[in-house]
Structure formats: structure tokens, C-alpha cells
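To keep things clear, I will list the structure first and then write my remarks on it.
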Amino acid sequence: MQAQAQLSLEVQVAKYDQQLYGLAGPVSSITVVSGWTEKTTAMLKVAIQRVVDANPLISGALEKRGDELFAVARKHHKFVVEIEAPTGFVTPTGSIVEAITLVQTDLEPNFIAQSTIGTMATQIETGGPLFQVLLMKLPAGHMAYAVELSHLIGDGNTYYQLLHVLNCAMNGKPMPKLKWSSAPESVALPAEYSPQDKALHMEGWIPAYVERIKKWEPGTEQARRGHLQLINMEAVATLKSEYKAHCDARNVPFISTNDLITAGLAELCDPGSLLLMFANLRGRIPEAQADLAGNYERGVIMPSSESIDPTFIRSVTKHWLYYGTEGRPKLSTDDGDPNPKHAIDSSNFVVVTNWASLTHLIEPPATRVVCHCPTTAFVTGLAGIDMAVVFKADNKGTLALLTNHLVGARGTEIAPRVGASKIFKRLVSAQPPAPGQAPRVKLDVVRASHIQFSTSALLLGVGVAAAALGVVLASRRVV
């Protein structure tokens with residue numbers, strides 16, 4: 001995808017973007033808002049058209065021309081899809097965790113069933129949209145919405161910036177300009193990588209991943225199960241204080257909340273594994289300016305055995321790269337403990353992605369965001385790999401964690417590590433809801449029967465998995 005000045009009306013999708021994101025589903029999330037009326041829906045449609053006029057690329061479709069692929073603007077003119085909620089409903093009153101759980105179990109299947117963007121192959125075959133907004137009207141003035149964006153034209157940061165622009169348009173504020181461009185290959189695949197490193201990163205793990213899917217096959221008793229937990233922010237503050245002396249000793253100026261959460265998740269990893277942390281590189285490397293829309297994220301790979309120290313994770317952000325820097329072994333090195341080549345060849349890694357710092361939500365006038373979340377299918381579809389998503393659950397800063405390896409059959413294997421952890425069990429320990437952290441909510445929603453995800457969900461999982469090592473990135477989520 002070549003960078004264009006002003007309004008991009010036709011851009012070429014680079015070969016590496018096709019390889020990195022071709023099997024990925026759209027970037028998306030689900031948000032529930034209260035106080036929604038028919039007037040709000042009408043306002044949203046007007047706002048969407050304004051945003052599309054300013055960013056015509058999102059109104060486009062993919063077009064194949066020989067061996068080249070283009071995103072051609074202004075192929076679509078309808079961007080809002082109003083879908084039915086499941087039949088029958090109850091009116092639950094509970095915590096934000098209970099509200100999100102209800103959204104994921106009862107509403108998510110309908111959103112997945114009505115999504116039409118699909119993968120690159122689907123987009124090429126159907127000429128379908130690159131952008132759409134799904135609206136699900138709920139009782140008592142609630143609305144659930146899912147904004148979707150093709151991963152071939154933008155990553156998680158681009159996605160949430162687009163929501164920010166939409167929110168500005170809804171609330172009568174100036175709309176920030178998005179500069180659509182294509183990231184150079186060195187963003188996803190560092191220039192320090194050798195050809196062997198790149199090949200391993202892109203495809204070396206796939207055969208073992210396919211075998212690992214069989215162990216956790218969807219639809220079986222061993223299948224992955226999503227697990228939602230709140231992050232205890234009091235524990236975060238305490239841990240940062242406790243690590244102050246260690247930071248000083250290692251000449252690390254500070255550790256972030258993400259450093260602590262990632263280190264806690266590293267405590268749960270299998271022996272000899274790698275940890276892959278997705279990072280938004282805008283403003284962090286010379287080739288990724290802060291104001292660019294497109295795919296500017298990288299999966300930073302590091303040994304999980306060292307990642308249990310949050311100061312180590314902070315040190316890796318110096319280059320946003322571990323292997324191949326400062327005298328460290330290359331990614332394709334077939335030696336050491338952990339042995340990075342062996343870990344990738346055996347698909348032995350965990351994926352951590354953090355959306356929190358990127359998040360913007362659409363909150364029209366006279367409405368209130370009740371909750372916001374990724375879909376459970378986003379993590380459970382990744383059947384062969386442990387995965388964790390950190391996200392903002394509302395507009396008040398409630399931080400939550402969605403995982404696919406802490407309950408069910410896989411959770412039984414991990415449980416002893418959770419019990420022995422020094423950081424993780426403190427971050428997610430039971431705590432009373434602090435003001436503004438875990439508010440009680442009242443959400444009128446619809447109760448649906450249990451739906452078993454089938455082959456389509458498995459294929460989604462393969463797409464997300466490929467994303468995990470930068471092959472077919474399926475998520476948004478970066479630190």
C-alpha cells in the first residue's frame with residue numbers, strides 16, 4: 001500500500017501486507033451504550049458519512065490486477081448494518097465483569113454471524129467492504145455496536161483512531177486528520193533480522209501449530225475457554241513501589257502497568273517458551289511517525305524465562321526488539337536455553353496484546369458507555385497458542401484481561417503456576433470495586449442459546465495465530 005498525499009483514492013497493498021494480514025479477520029470490538037435513541041442512530045449515520053468523505057479509502061474494496069492488489073476507494077456507500085438481537089431477554093444487574101460476560105456469551109454470536117468483511121480472499125472474491133458499523137438495538141434504550149475495519153488497511157491503533165474521529169464527528173468537535181500510508185517491511189520484520197530470521201518468524205511455527213490445534217480442538221472437552229478478569233490497580237501501584245529499588249539497580253527509570261501485566265503472564269509460560277508482545281511502533285522508531293494510519297505494529301519476541309522481570313521487558317523497549325540486538329543471539333539461533341529456533345519450530349510461545357492505551361470509543365451526546373470488550377472468539381479461536389488481551393472495559397479506565405489458557409483443560413495445566421506466581425496472582429486477586437474501577441451496571445440484554453463455533457471459528461483461529469508471529473495479524477492490540 002503506497003503512501004498518498006491528501007485523500008487516498010487508490011493504493012497498492014504491498015506483498016508483505018498481504019502476507020502479514022491476508023488471513024486475518026477485521027479489526028473489531030463490541031461496545032454497549034445506554035441512553036441511545038433513534039435520533040442517535042440518525043446522528044451516527046451522518047457522522048459516518050462525514051468521516052468517510054474525509055477518509056475515502058475506508059469506503060473502498062480490494063481489486064486484483066494480475067499479481068498486484070489494490071484498495072480502490074468509493075466502491076461502497078452503505079456502512080451501517082442494523083442487526084437483530086437474540087430473542088428473549090433478561091435484565092441483569094451486576095458488575096462490569098458480569099455485563100461483559102453477558103455481551104460475549106449472548107450478543108457476540110450474532111455480531112460474528114452478521115460480519116461481512118472476512119479475510120482478504122473474501123474481500124477479493126466478493127468486492128465487499130473494508131469498513132462497516134454493526135448496530136444491535138437492545139431493550140431500555142441500550143445499543144451494542146461493533147465497528148469493523150479490514151486489517152489490510154489498518155491496525156489496532158488505526159482502528160481506535162478511526163473511532164476517535166467518529167466520536168469527534170458525533171460530538172461536534174473538529175475531526176483529526178488520518179494520514180493513510182504503508183509501513184515499510186522493517187516495522188513488522190526488523191531490519192536486524194537475517195533472511196533466516198524472517199523465514200522462521202513468518203512460517204517456521206505453522207506445522208507445529210497445526211498439531212497443537214488438535215490438542216485443544218474447538219468443540220471438544222479440551223477446547224479453549226475465554227476467561228475475563230479485572231486488573232487490580234491498587235496491586236499495580238504497590239508492585240511499582242516494590243520494584244523501585246530493582247529499577248534503580250538496573251538503571252531502568254520506571255516500569256509501566258503493561259510491563260507488570262506482561263511479566264505476570266510470563267510467569268505462566270511453558271518451559272523453554274517465547275513471549276510475543278505486540279507493540280504500536282508509532283513515534284518509537286524512525287520509520288513509524290506518530291500520526292500515521294496503516295499497519296505500524298510489531299510482535300516483539302523475547303524469552304519468557306527473562307520476561308518474568310518487568311524491568312527486563314522495559315529494557316527491551318529500548319529497541320522494541322530483543323533477538324539480534326546488543327550481542328544477543330539471532331532469532332534463528334538453534335542453541336541456548338531457551339532455544340529460540342526450537343521454540344518457534346515447536347510453536348511454543350504465548351501472545352500478549354494490550355489495547356488499553358489506544359482505546360477510543362464512540363459515546364454520543366446524552367449517552368454513556370456501559371462496557372467495551374474484545375470478542376471471546378478472538379482468543380478462543382487461537383486454539384494452538386496461549387493468548388492474553390489487556391483492554392479498557394469502559395470509559396472510566398477499568399482495566400481488564402481476557403485469556404484463553406486460565407480455565408478449562410489448559411487452565412488445569414496452568415493452575416500450579418498461577419498459585420506460585422509472584423506478580424500475576426496479585427494483579428488479578430479478588431478486590432472490592434474501587435470507585436470508577438469496577439462500577440455496578442444495569443444492562444438490558446438478550447439471552448441467546450449456546451452456540452458451538454465450528455469450522456469457520458477454527459479458520460479464524462488460524463488467521464489469528466498467523467498474526468501472532470506477524471504472518472496474518474488479526475488484532476489490534478498493542479502497547
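These numbers come from the heavy atoms of this one structure, side chains and all, not from hydrogens, waters or symmetry mates. Computed from a predicted structure; not experimentally measured.
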Please check if the side chain of N55 supplies one atom and the backbone of I58 the other of a donor-acceptor pair under 3.5 Å. no

Is R410 paired with E413 through a side-chain N to carboxylate O contact shorter than 4.0 Å? yes

Using only heavy-atom distances, determine whether the side chains of S29 and Y159 contain a donor-acceptor pair under 3.5 Å. yes

So which atom in H201 and which in G299 form the shortest heavy-atom distance, rounded to 0.1 Å? CE1-O, 4.1 Å

Using side-chain hydrogen bond (donor to acceptor under 3.5 Å, both in side chains) as the criterion, list what pairs up with S304, not counting sequence neighbours. S273

On a heavy-atom basis, which atom in V389 and which in P374 lie closest, and how many Å separate them? CG1-CG, 4.3 Å

Sidechain-backbone polar pair: H142 side chain, A140 backbone, donor-acceptor under 3.5 Å: yes

Tell me whether E267 contacts the main-chain N or O of F424 through its side chain, where contact means a donor paired with an acceptor under 3.5 Å. yes

Do the charged groups of E242 and R426 touch, with an N to O distance under 4.0 Å? yes

Go through the structure and list residues passing ring-ring contact (aromatic ring centres under 6.0 Å, His included) with H372, not counting sequence neighbours. Y160

Should K45 and E82 count as an ion pair when the cut-off is N to O under 4.0 Å? yes

Modelled atom types, side-chain donor and acceptor of N167 and E363, under 3.5 Å: no

Determine whether a donor-acceptor pair (N or O, by modelled atom type, separation under 3.5 Å) exists between the side chain of N404 and the backbone of M387. yes

Indicate the atoms forming the closest heavy-atom contact of I153 with L149, along with that distance. CD1-CD1, 3.7 Å

Output every pair passing salt bridge (charged side-chain N to carboxylate O under 4.0 Å, His left out) with a member in residues 121-130, not counting sequence neighbours, ordered by first then second residue. none

Heavy-atom closest contact (V103 atom, C371 atom, distance): CG2-SG, 4.0 Å

Strictly distance-based, threshold 3.5 Å: is any side-chain N or O of N280 a donor or acceptor partner for the main-chain N or O of R282? yes

For K240, does the NZ atom have more than 12 heavy-atom neighbours from other residues, nucleotides or ligands under 6.0 Å away? yes

How many angstroms lie between CG in L292 and NZ in K179, if you round to the nearest 0.5 Å? 7.5 Å

Taken in chain and number order and not counting sequence neighbours, the residues that satisfy side-chain hydrogen bond (donor to acceptor under 3.5 Å, both in side chains) with Q104 are T376

Checking T37 against T40: is there a side-chain donor and acceptor pair closer than 3.5 Å? yes

Mark yes or no for whether E84, through its side chain, and M136, through its backbone, hold a donor-acceptor pair below 3.5 Å. no

State whether the side chain of R74 and the backbone N or O of S59 hold a donor-acceptor pair below 3.5 Å, judged by distance alone. no

Could you tell me whether a side-chain N or O of T412 sits under 3.5 Å from a main-chain N or O of G408, the two making a donor and an acceptor? yes

Any side-chain donor-acceptor pair under 3.5 Å between S181 and Y296? yes

Between D53 and Q49, does any side-chain donor sit less than 3.5 Å from a side-chain acceptor? yes

Listing request: all salt bridge (charged side-chain N to carboxylate O under 4.0 Å, His left out) pairs with a residue in residues 255-266, at least two apart in sequence or in separate chains. D259-R314

Can any side-chain N or O of H76 pair as donor or acceptor with the backbone N or O of F79 at less than 3.5 Å? no

Go through the structure and list residues passing ring-ring contact (aromatic ring centres under 6.0 Å, His included) with F312, not counting sequence neighbours. Y322

Kindly assign one of parallel, tilted or perpendicular to the pair W205 and F349, based on the angle between their ring planes and the thresholds 30° and 60°. perpendicular

Are the side chain of T367 and the backbone of P364 linked by a donor-acceptor contact shorter than 3.5 Å? yes

